[in-house]
Amino acid sequence: MQPKNLKRLLQALARQGLDVSYNNKTYSIRLSNTSDAPVAEVLLPQGFPVEAKALKQLANLANVRHPAGGCVCRAYATPDFHPGDGGIAIGSVIETIGQVIPSAVGSDINCGMRLHVANLTIDQFLAKRNQFVERMKGDYFFGTRDVTMNARTMHALFQYGVPGWVDAMLDEPTGSFVKSDLNELLAEGDLIFLNGSMEGDWKLAPEELVPENGLVRDGGLATIGSGNHFVEIQRVERVENRALAHEWGIKEGQIAFMIHSGSRNVGKYIGGMWRDKAKASWEKGLKYPDSHIFPLSVHSHPELVTQYLQAEATAANYGFVNRLLLAELLRLRLREVYGDVEAPLVYDLPHNITLREGAGWVTRKGACPAYEGQPVIIPGSMGTPSYLVVGKGNPAFCASASHGAGRVLSRFDLTRKGASQSEEALGLTGVDCITLREERRIEEAPAAYKPIQPVIDVQVQADMVGVVARLSPVLTFKG
DNA sequence: ATGTGC
């Protein structure tokens, strides 16, 4: 951030009652309402753009405190953070004790990333690119995908995530799934964060947490979704950590595919429902919080906290299986077009989820868990590289990392002004993007995003992550 | 984020 803009930003925040100081050495911004410890901290590259609105949202979140008991004991934002629609900045990381905040997770429960590599070179891939695109288009956009589910497999999917769903399918395979492939899925289960299963002390059947409506339940399975979600073919452009790349099965020059998607309508339904339930649980006569962010306290509503966490787990499990199915379709079509292609999973991890950590819960809204030694997938844009990094479990940042580069222009900005801009100005020159809706391509153009390199660099300098490999986009599918 | 919206 330029010193001049920074000064203006700090003044604007001071007018809103936030005392902000900028530490030039660590490039962190501290917000504090009192003379006590800062309520929130943001790690930023020097000179990086940041919106006052995002800082205000972060401070609001850091101050959420249920009158019956509960607190946000720590609050951070990752360097890609930017204002969010529901009053919560994307890139927020909070640790809560005695309370959970459904709206801090929001609707996009278990939005996350999945990365595979494939034993194909870029030239081999491009030679049959058109044939491949036609098949994938049918699956992702026109519903020719075959993901037939029965009530039993859906129940297992909701309650136990990937391993539950695979077990149920092994008993009774449906659609194009065969036992050998399902056994392979079981074998790579430990390459999914939490094994792709948010288990809990289930007091409610998933059927009580997710509506019967088929559109919500299985209409979204194996579909990409909109917004920043995508499926992308990439090239491993550079390996920076040879030992880990070898261990994780990554080789320079090979093809990779990256999936960014979540729990679709299930998360939307559950997130919206629990945002409302938290508000409705507010005692009559008690003043609403100014921020309109409503927590659920374990002291006044323990049963609601349990139910919310179960509902969130239900949607999270759906999200894990959705990404798996998107990847399975891609694997299937790769084999059809290119022959016997091996496409092993590198890792799958969520960046929008509440996790039990230590004495409380850590809620990451558009931020990755970055535990020691764990793979972290940080996407760029359809015109800029994505990164595979390794977590350092740094407690100073709640063992977290950024989930992308961060938006610099809103979708609205681009739908309004983007159409009149040149391909070059939008950063779309040379970008191969497949979508049924031209406005998606514009809204998600590289120009909508901040530069990713400084975001990665500042996290490496802060010892949050280490770079393992850089992947460049080859072909992007947008919903 | 969402077959979106002021």
Side-chain angles (χ1 to χ4, degrees), chain A residues 53-54 57 61 78 80-92 101-114 137 139-145 147 210-211 213-231 259-276 293 311-312 314-323 326 349-354 363-368 379 381 402-407 409-419 435-444 448-449 477-479:
Chain A
K53 187 178 172 186
Q57 287 181 341
L61 183 60
T78 51
D80 59 335
F81 94 127
H82 59 93
D85 268 351
I88 311 288
I90 316 299
S92 301
I101 309 173
S103 67
V105 179
S107 291
D108 196 12
I109 298 167
N110 190 7
C111 181
M113 305 298 306
R114 189 177 176 97
K137 254 167 120 171
D139 293 329
Y140 288 159
F141 304 147
F142 304 133
T144 54
R145 69 199 200 282
V147 290
V210 185
N213 181 343
L215 185 74
V216 173
R217 286 205 171 194
D218 53 12
L221 278 174
T223 62
I224 299 172
S226 59
N228 56 357
H229 291 176
F230 64 81
V231 172
I259 292 168
H260 185 182
S261 189
S263 51
R264 311 288 285 107
N265 274 310
V266 172
K268 180 195 155 136
Y269 177 88
I270 287 176
M273 179 192 202
W274 282 91
R275 178 200 56 217
D276 296 345
I293 303 171
E312 197 197 312
T314 304
N317 287 337
Y318 187 94
F320 281 125
V321 176
N322 183 40
R323 283 195 293 276
L326 283 161
L349 91 156
H351 53 228
N352 211 34
I353 202 159
T354 304
T363 294
R364 295 179 178 84
K365 168 81 176 171
C368 297
S381 72
S402 84
H403 84 311
R407 286 197 82 92
L409 295 168
S410 72
R411 282 188 243 291
F412 184 64
D413 281 341
L414 280 150
T415 34
R416 210 177 33 177
K417 304 175 208 151
T435 178
L436 292 183
R437 300 187 180 189
E438 172 64 4
E439 68 262 34
R440 288 271 182 274
R441 204 174 66 92
I442 307 288
E443 286 170 2
E444 287 291 311
Y449 288 91
F477 294 92
K478 295 290 295 188

Between B/dA1 and A/His260, is there an OP1 or OP2 to side-chain N/O distance shorter than 4.0 Å?
no

Does B/dT2 have OP1 or OP2 under 4.0 Å away from a side-chain N or O of A/Ser107?
no

Among the nucleotides B/dT2, B/dT4, B/dA1, whichever has the atom closest to the side chain of A/Glu443 is B/dT4

Which residue is it: A/Ile353, A/Asn110, A/Asn317, A/Thr363? I am looking for the one with a side-chain contact (heavy atoms from CB on, under 4.5 Å) to A/Glu312.
A/Ile353

What is the distance from CG of A/Asn110 to P of B/dT2, rounded to the nearest Å?
13 Å

By nearest atom, which of the nucleotides B/dA1, B/dT2, B/dT4 is closest to the A/Asn265 side chain?
B/dT2

Using whole Å, report how far CG of A/Leu221 lies from P of B/dT2.
13 Å

How many Å lie between NZ on A/Lys268 and C1' on B/dT2, as a whole number?
4 Å

Using 30° and 60° as the class limits, which term best fits the ring planes of A/His82 and A/His403: parallel, tilted or perpendicular?
parallel

Taking 4.0 angstrom as the limit, do A/Lys478 and A/Glu438 come out as a salt bridge?
no

Rounded to whole Å, please give me the gap between NE2 in A/His229 and P in B/dG3.
11 Å

Selected nucleotide, minimal atom distance to A/Asp85 side chain, candidates B/dT2, B/dA1, B/dC6
B/dA1

How long is the line joining CZ of A/Arg437 and P of B/dT2, in whole Å?
11 Å

A/Lys478 NZ to B/dA1 P: how many Å, rounded?
8 Å

Is there a donor and acceptor pair closer than 3.5 Å between the side chain of A/Arg411 and the base of B/dT2?
no

Taking 4.0 Å as the cut-off, does a side-chain nitrogen or oxygen of A/Asn352 come that near to OP1 or OP2 on B/dA1?
no

Rounded distance (Å) that lies between atom P of B/dA1 and atom CZ of A/Arg275:
16 Å

Is there a side-chain contact between A/Arg440 and A/Arg411, using heavy atoms and a 4.5 Å cut-off?
no

Residue whose nearest DNA chain B nucleotide is more 5′ - A/Asp108 or A/Phe412
A/Asp108

Quick one: A/Glu439 CD to B/dT2 C1', roughly how many Å, whole number?
14 Å

For a quick check of understanding: with a heavy-atom distance under 4.0 Å over all strands, which category does A/Gly225 fall into, base, sugar-phosphate or nothing?
sugar-phosphate

Assess the residue pair A/Lys268 and A/Ser263 against the criterion (side-chain contact (heavy atoms from CB on, under 4.5 Å)); give the C-alpha distance rounded to whole Å, side-chain angles, the decisive distance to 0.1 Å, and a yes or no.
CA-CA 8 Å; A/Lys268 180 195 155 136; A/Ser263 51; over 6 Å; no

